[in-house]
2 protein chains.
Amino acid sequence: MPRVPSSSRITIEDVAKRAGLSTATVSRVMNQTGPVSKESVRRVQLAVSELHYKPNLAAKQLASQKNNMLGLLLDEISGDFFPPMLRGMETGAREAGYDLLIATMRGGSYAVGPHNTDGILVFDTSLDEAQLRKLDAESFPMVLLYRPPPRGLQIPYVAFENKDGARAMTDHLIEQCGYQRIAFLRGPSDNQDSYWRERGYRESLEAHGIAFHSDLLATGDFDDEIAYKVVRQWVGEGLTVDAIFAGDDESAIGTILALRDAGLRVPEDIAVVGFDDSPSSRHLTPPLTTVRAPIEQTGFEAVKQLISLIEKGAAQPEILLPTEIIIRESCGYKARRLP
Amino acid sequence: MPRVPSSSRITIEDVAKRAGLSTATVSRVMNQTGPVSKESVRRVQLAVSELHYKPNLAAKQLASQKNNMLGLLLDEISGDFFPPMLRGMETGAREAGYDLLIATMRGGSYAVGPHNTDGILVFDTSLDEAQLRKLDAESFPMVLLYRPPPRGLQIPYVAFENKDGARAMTDHLIEQCGYQRIAFLRGPSDNQDSYWRERGYRESLEAHGIAFHSDLLATGDFDDEIAYKVVRQWVGEGLTVDAIFAGDDESAIGTILALRDAGLRVPEDIAVVGFDDSPSSRHLTPPLTTVRAPIEQTGFEAVKQLISLIEKGAAQPEILLPTEIIIRESCGYKARRLP
DNA sequence: TCATGGGCTGTAAACGTTTACAGCCCAACG
DNA sequence: CGTTGGGCTGTAAACGTTTACAGCCCATGA
């Protein structure tokens, strides 16, 4: 099998020769920089398409001192959020002429940084505070996703309205569905999302003059099995409740299962709602009422801010995208109206 | 806000100076190419870590005529298969020192090609035959995922054992569960996966001496809503059947819903099985018996083959990874044994 | 007529690596 | 002692762009 150089053999020089111009002019046409006569533009374009010329990226990057490359740092590729988030980023990057490099943590270090990207998107806790500080000290462009910067650092971040979403959902449970005793299943204690969702829940309670009971609060850890155990225990203890607000859809799944295994009907005996609107939530029995987070827009906004930071040197310090509550059947609202 | 060059300022020259050696030697140490004395290695390593030197990727690529970059082409970022597939690819690429560039089709062309990558992974039908032929003519390294090359082209491809999986599942339905009348819901007519799954289904029938009835075959199109309609119609026509083998999990979801809405119990009245083992399949009611496709390994294998093609000039023409059948409750097998 | 200046173009020096080539030193060998 | 050769090192020429700078041409105005 013959070996052929993998990189395209046609260079800007070939184009220049064919068009009867210099490489400088060809470059100016390609990048729309500097003044070029119409005739030259035409000839360059012709030569380019005849030769199928594609500029060599590496040379371009080296000469222009710009990578046109964004890095995405995360510790693992998985989860329902990933495809939409990446889709949003890809769209944003592409529109601005950037490429996206994905790097997962391995061996304690990432394969992206100032040497091969113009800036990075830091997903959640994929970078610890020390690393963040170090990059910030070099004033390397970064934007954080789903988590605010550590104290003292001015790094833009984008996330969504966890608190408002949880509050709206709790409002719905109280106002539309008429529930009073509403339990909340929070996530891991160091989780920002969990913190704000709980805040939203409490604020709604307070706004409606409903006292907060700490025995209606437990940790489901954003995990279906842990949530299952917690709920089974609640039921075993004879806890009475109108509804359970699970901090995320995972724990809502565990909750529904636990209730059903305990012989309770959802939503007739106890209503259940979740948070995230993960793909499986609409196929649950009953279909889950939940809060939809604008994951895709979140990714899109993040690259938009990052590019602004790279090109203009500034970005909005904080962007919180609005959530939307999705009413299906597990909250008992529709069921109550239809009959 | 001060602008700072985004690319790392420390060059190989700085390292060389600090180590009291030439750039050539530093390069040799960095890339483990050519003979270098222990003492020099030590000094270079010291200088590198003191200066936090990271080689500029663009310069490296330009000089070495190697991009160390793989492209992944797909028409859309979505679906349950995506995260595991990407995870597999990322692992494989990283192990071999390559980076991964993701490109979705937009405006009829992709942002990756010979000018910025050493080879590409072509997902399913993201590239049409003409484009494939063109790249093949330039002998640009490619590997195909989930679909064989068009007639006459020698492009390696990796997929999984659709036929064997479907056959094993049908065997299970017949042998373990004791069903005889088994319907099959196929996917889109031009879909390779669908074609082989149907083949597996038919082969199993034949091997067990069960006649194939064309009225037990319909098109669910790998879509839950279409499957829903088809199954409702079947039920309306009074079709009697022991089990329905849905061509994928999506259509299995539609099938279960249709059956339930028609007042039929799954699996007591009619068993249902799917294909893919998508994340939501285990949370369905009842949990879905299905075939697990080794998506992650598939991604891993694909980059392995691609890299072999790039570096050694050859790869295995066809790799079919084995599937595994996952028995849960929708097939009625466990339910039958437990009581 | 000549000076001015704007539009367009070309020359050539970067950019930060890799690597062919040549050269040095020293041990081993005749 | 002179030659050989292997291990190690340095010099400098690529790699394919961008872009500062200089220069040309020609229309314009004095």
Side-chain angles (χ1 to χ4, degrees), chain A residues 4-44 47-48 51-69 97 99 113-118, chain B residues 4-44 47-48 51-69 97 99 113-118:
Chain A
V4 156
S6 68
S7 134
S8 162
R9 285 280 72 141
I10 310 147
T11 75
I12 199 173
E13 204 143 354
D14 300 323
V15 177
K17 212 163 289 174
R18 175 136 192 158
L21 293 161
S22 73
T23 63
T25 301
V26 175
S27 173
R28 282 189 273 254
V29 172
M30 295 298 293
N31 304 297
Q32 322 221 29
T33 152
V36 184
S37 74
K38 282 190 179 280
E39 170 60 13
S40 296
V41 171
R42 201 189 56 75
R43 272 158 56 193
V44 168
V48 164
L51 299 174
H52 295 113
Y53 169 66
K54 294 234 176 173
N56 178 298
L57 211 69
K60 199 168 175 153
Q61 291 173 353
L62 183 57
S64 66
Q65 296 290 76
K66 273 218 56 178
N67 292 306
N68 274 315
M69 191 78 85
D99 277 321
H115 61 294
N116 57 357
T117 55
D118 299 314
Chain B
V4 155
S6 69
S7 134
S8 162
R9 286 280 70 144
I10 310 145
T11 75
I12 199 172
E13 205 144 353
D14 300 323
V15 177
K17 211 163 288 172
R18 176 136 193 158
L21 293 162
S22 73
T23 62
T25 303
V26 174
S27 173
R28 283 188 272 255
V29 172
M30 296 297 293
N31 305 296
Q32 322 222 30
T33 153
V36 184
S37 74
K38 281 191 182 280
E39 172 59 13
S40 296
V41 171
R42 201 189 57 74
R43 272 158 55 193
V44 168
V48 164
L51 299 174
H52 295 114
Y53 167 67
K54 295 233 177 174
N56 178 297
L57 212 68
K60 199 167 174 154
Q61 291 172 353
L62 183 57
S64 66
Q65 296 289 75
K66 273 219 57 180
N67 292 306
N68 273 317
M69 191 78 85
D99 277 321
H115 62 295
N116 58 357
T117 53
D118 299 314

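Residue numbers begin at 1 in each chain, while the letters A, B, ... track the order of the sequences. If you're wondering where the values come from, they're calculated on a predicted model, not measured in any experiment.
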Looking at side-chain heavy atoms only, is the closest gap between [X] and [Y] below 4.5 Å?
X        : Y         : answer
Lys60(B) : Asn31(B)  : yes
Gln61(A) : Leu57(B)  : no
Lys54(B) : Asn116(A) : no

Distance, rounded to the nearest Å, where [X] contributes [atom1] and [N] contributes [atom2]:
X         : N       : atom1 : atom2 : answer
Gln61(B)  : dA14(D) : CD    : C1'   : 17 Å
Asn56(B)  : dG16(D) : CG    : C1'   : 14 Å
Asn116(B) : dT17(D) : CG    : C1'   : 15 Å
Leu51(B)  : dG16(C) : CG    : P     : 15 Å
Asn68(B)  : dC15(D) : CG    : P     : 19 Å
Lys17(B)  : dG16(C) : NZ    : P     : 12 Å
Asn67(A)  : dT17(C) : CG    : C1'   : 14 Å
Glu13(A)  : dA12(C) : CD    : P     : 13 Å

State whether the side chain of [X] and the backbone N or O of [Y] hold a donor-acceptor pair below 3.5 Å, judged by distance alone.
X         : Y         : value
Asp118(A) : Asn68(A)  : yes
Ser27(B)  : Thr23(B)  : no
Asn56(B)  : His115(A) : no

Shortest side-chain distance from [X], nucleotide among [options]:
X        : options                   : result
Tyr53(B) : dT17(C), dT17(D), dT9(D)  : dT17(C)
Leu62(A) : dT17(C), dG16(D), dG10(D) : dG16(D)
Thr11(B) : dG10(C), dT17(C), dG10(D) : dT17(C)

Distance, nearest 0.5 Å, that separates CG of Leu51(A) from CZ of Arg18(A): 5.0 Å

Any side-chain N or O of [X] less than 4.0 Å from the OP1 or OP2 oxygen of [N]?
X        : N       : answer
Thr25(A) : dG10(C) : yes
Gln65(A) : dG16(C) : yes
Ser64(A) : dT18(D) : no

Whichever of Ala63(B) and Ala24(A) has its nearest DNA chain D nucleotide further upstream toward 5': Ala63(B)

Sidechain N-carboxylate O distance under 4.0 Å for Lys17(A), Glu13(A): no

For DNA chain D, the residues among residues 31-41 of chain B that have a non-hydrogen atom under 4.0 Å from it: Pro35(B), Val36(B), Ser37(B), Ser40(B)

Within 6.0 angstrom of Glu39(B) CD, more than 12 heavy atoms from elsewhere: yes

Sugar-phosphate, base or nothing in reach of Leu57(B), heavy atoms under 4.0 Å: nothing

Residue whose closest nucleotide on DNA chain C lies nearer the 5' end, Arg28(A) versus Lys60(B): Arg28(A)

Smallest separation among heavy atoms of Ser40(A) and Thr25(A), with atom names: CB-CG2, 4.4 Å

Contacts under 3.5 Å, N or O only, protein and nucleotides 23-26 of chain C:
none

